[in-house]
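Take a look at the structure below.
Lettering of chains follows the sequences in order, A, B, ..., and the numbering in each one begins at 1.
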Protein chains: 2
Amino acid sequence: MSSHEKGNQHMAHKYETVAAGIRATIAESMAPHDALPSERELMAIYGVSRMTVRQAIAKLSEEGRVYNVHGSGTYVGSTDLFSKSPKLTSFTEDMMSRGYSASSRVLAVSRVEADDVVARALELVAGSECTHIRRLRLADGNPMAIEDVYLPTTILDIEQFNLGDSLYEQLRTSGHEVYRAEQEIQAITLNEERSRLLEVEPGSAALCVSRVSSSRRGQLIEYARTIYRADRYTFQLAVTRENDR
Amino acid sequence: MSSHEKGNQHMAHKYETVAAGIRATIAESMAPHDALPSERELMAIYGVSRMTVRQAIAKLSEEGRVYNVHGSGTYVGSTDLFSKSPKLTSFTEDMMSRGYSASSRVLAVSRVEADDVVARALELVAGSECTHIRRLRLADGNPMAIEDVYLPTTILDIEQFNLGDSLYEQLRTSGHEVYRAEQEIQAITLNEERSRLLEVEPGSAALCVSRVSSSRRGQLIEYARTIYRADRYTFQLAVTRENDR
DNA sequence: AAGTGGTCTAGACCACCGC
DNA sequence: CGGTGGTCTAGACCACTTC
């Protein structure tokens, strides 16, 4: 990298610089379970205080790149494993990370009254107006999933929606950035209509992911239900012990 | 609470005391989106330094109980939502949190040679010896899931296994505490044998969760495959945007 | 006993929000 | 502009691992 590698936006903080340096060191010259320099040594190496070193290590630890052993040291995490920590991604991002090119075919855009499921999920009074978008999602041109998204018209009305652009991007620019989502994953049996869209036999199993997305402040933004072909899609996530009460 | 409320083990750290205090305050007298006292005020209230306050707030934020807005304040999170963050749980814990009583019927315990799937998952050479445990998992006495667990005999050999006790507990006491797991969730169609065990129609959809568990240091401990009745079980998790590279 | 990470203090300045 | 959270410093002591 040249000398101006931090051209990303607001100028990097020190702990990000330290984390990036450690990341690079690991990638270039360290193996799993090798010990990192001690926090005191890292202070000297990067010319920062201990708290800044610890903040950098905390970040790397969240990423699964290192792990701490109290009283012993900080070590490089096992390879292969890791980096699959549950992350909120768009369909496009998800497919890209799996090595597919994503595309989609809009099947319907309409203004509807919220049914029981949608109303309960978005905490609306029954019958509230919602924008409904149904899309067939394709990976490398092949049917992968059917996605139904419901948004309160107060968040995004039908005229505002631009079919070409990313929905998440449109929400972000209109001040409704999705920050958090609760997801429920279940196995279902495909009915005739859905199996035809996904080009599989009726009665096949499929993975159904229901999602309620909210902003950083907790405002409910969308309810989405995505039905994936079971033979082409699996849901992966990493979990750790902890997360008290 | 009386004056000795911290009888749990090693004596609570200050930030845990502060976090507990804030948690109690929220539960007793605050509503979602109410502003917490500022960090400077909390310093005075609890008689600690700012960093300790921030550590407490960071913990509450992870738990989803509060959220920060830079330049504005720290606020109580939306209720209902939250607390479903992905956590590593045993079947028993999982069922308890859903309000069921868990039990199980051991179907088989044997020493087997690792097949391709197990060997690859646990990074063993093909044909290595493993302990295999198959159990039917019940919730309130009704079939809920079929669980197959494979452990290298070097981790747990068949004679050491005690059918009565929790497997995770036995692993913990023998120095192989499970800390992290990678899971893959897919939808499958039940074959005849599995549908009989789960007491559903052959050909029904089911949720299959495959898990590779490892210790804090990255040692691979177990490969487990659990097949849940789709009509009784859904997998829930919360995710947030973030988690860079 | 020496070295490590874990907690904690008492300051400081910066970036951002709302008035 | 004042108040808020975000970053950072230069120390200190504690708990744990290792020898």
Side-chain angles (χ1 to χ4, degrees), chain A residues 6 8-22 30 33-62 65-77 175 177 179 215-218 240 242 244, chain B residues 6 8-22 30 33-62 65-77 175 177 179 215-219 242 244:
Chain A
K6 46 194 72 156
N8 0 325
Q9 304 184 72
H10 313 81
M11 172 62 192
H13 292 123
K14 283 193 180 182
Y15 77 90
E16 289 170 344
T17 309
V18 174
I22 297 174
M30 298 189 74
H33 306 297
D34 283 0
L36 262 64
S38 74
E39 297 181 353
R40 273 93 174 169
E41 287 170 336
L42 289 168
M43 287 171 65
I45 293 172
Y46 290 97
V48 298
S49 74
R50 179 133 176 251
M51 202 200 128
T52 305
V53 168
R54 285 182 61 76
Q55 204 171 346
I57 289 177
K59 189 161 199 226
L60 297 173
S61 181
E62 273 177 38
R65 293 186 144 81
V66 303
Y67 61 90
N68 300 325
V69 180
H70 188 175
S72 172
T74 303
Y75 302 88
V76 177
E177 183 171 21
Y179 172 74
S215 71
R216 189 165 173 76
R217 288 167 169 71
T240 55
E242 287 181 5
D244 319 355
Chain B
K6 47 195 71 158
N8 1 324
Q9 306 185 73
H10 312 82
M11 172 62 192
H13 292 122
K14 283 194 180 181
Y15 77 89
E16 288 170 344
T17 309
V18 174
I22 297 175
M30 298 188 74
H33 307 296
D34 283 0
L36 262 64
S38 75
E39 296 182 353
R40 272 90 172 171
E41 287 171 337
L42 289 167
M43 288 171 64
I45 293 171
Y46 290 97
V48 298
S49 74
R50 178 135 176 248
M51 201 200 128
T52 304
V53 168
R54 284 182 61 75
Q55 204 172 346
I57 290 177
K59 190 163 198 220
L60 297 173
S61 181
E62 273 177 38
R65 293 186 144 79
V66 304
Y67 61 89
N68 300 326
V69 180
H70 188 174
S72 172
T74 303
Y75 302 89
V76 177
E177 182 171 23
Y179 172 74
S215 71
R216 188 166 173 76
R217 288 167 169 70
Q219 184 181 19
E242 285 180 8
D244 319 356

Between the protein and nucleotides 17-19 of chain D, list every N/O to N/O distance that falls short of 3.5 Å.
from, atom 1, to, atom 2, distance (Å)
D/dT17, O4', A/G71, O, 3.2

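- Taking A/M30 as the reference, A/T25, A/I26, A/D34, A/L36, A/V76 meet the side chain to side chain contact (heavy atoms under 4.5 Å, CB included) condition, with sequence neighbours excluded.
- A pairwise comparison of heavy atoms in A/A56 and A/V18 identifies CB-CG1, 3.7 Å as the closest pair.
- Looking at heavy atoms from C-beta onward, A/V48 lies out of side-chain contact with A/T17 at the 4.5 angstrom threshold.
- Taking a 4.0 Å limit (strictly below) on heavy-atom distances, residues 33-41 of chain A reaches DNA chain C at A/S38, A/E39, A/R40.
- Residues meeting the side-chain hydrogen bond (donor to acceptor under 3.5 Å, both in side chains) test with A/R40, sequence neighbours left out: none.
- A search for side-chain hydrogen bond (donor to acceptor under 3.5 Å, both in side chains) contacts involving B/T74 returns B/N68, not counting sequence neighbours.
- Partners of B/Y75 by ring-ring contact (aromatic ring centres under 6.0 Å, His included), not counting sequence neighbours, listed by chain and number: B/Y67.
- A/I57 approaches A/V66 most closely through the heavy-atom pair O-CG2, 4.0 Å.
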All N/O contacts under 3.5 Å from nucleotides 7-11 of chain D to the protein, with atom names and distances to one decimal?
from, atom 1, to, atom 2, distance (Å)
D/dT7, OP1, A/Y15, OH, 3.1
D/dC8, OP1, A/K14, N, 2.3
D/dC8, OP2, A/Y15, N, 3.2
D/dT9, OP1, A/K14, NZ, 3.0
D/dT9, OP2, A/S49, N, 2.7
D/dT9, OP2, A/S49, OG, 2.7
D/dT9, OP2, A/T52, OG1, 2.5

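- Atom NZ of B/K14 sits about 12.0 Å away from atom CD of B/Q55, to the nearest 0.5 Å.
- For A/L42 against A/P37, the heavy-atom pair with the smallest separation is CD1-O, 3.6 Å.
- In this structure, B/S61 has no side-chain hydrogen bond (donor to acceptor under 3.5 Å, both in side chains) partners at least two apart in sequence or on a different chain.
- Comparing the start and finish of the helix from C/dA1-D/dT18 to C/dG18-D/dC1, five pairs each, the helix axis swings through 10°, to the nearest 10 degrees.
- The side-chain hydrogen bond (donor to acceptor under 3.5 Å, both in side chains) check on A/E39 picks up A/R50, A/R54, with sequence neighbours excluded.
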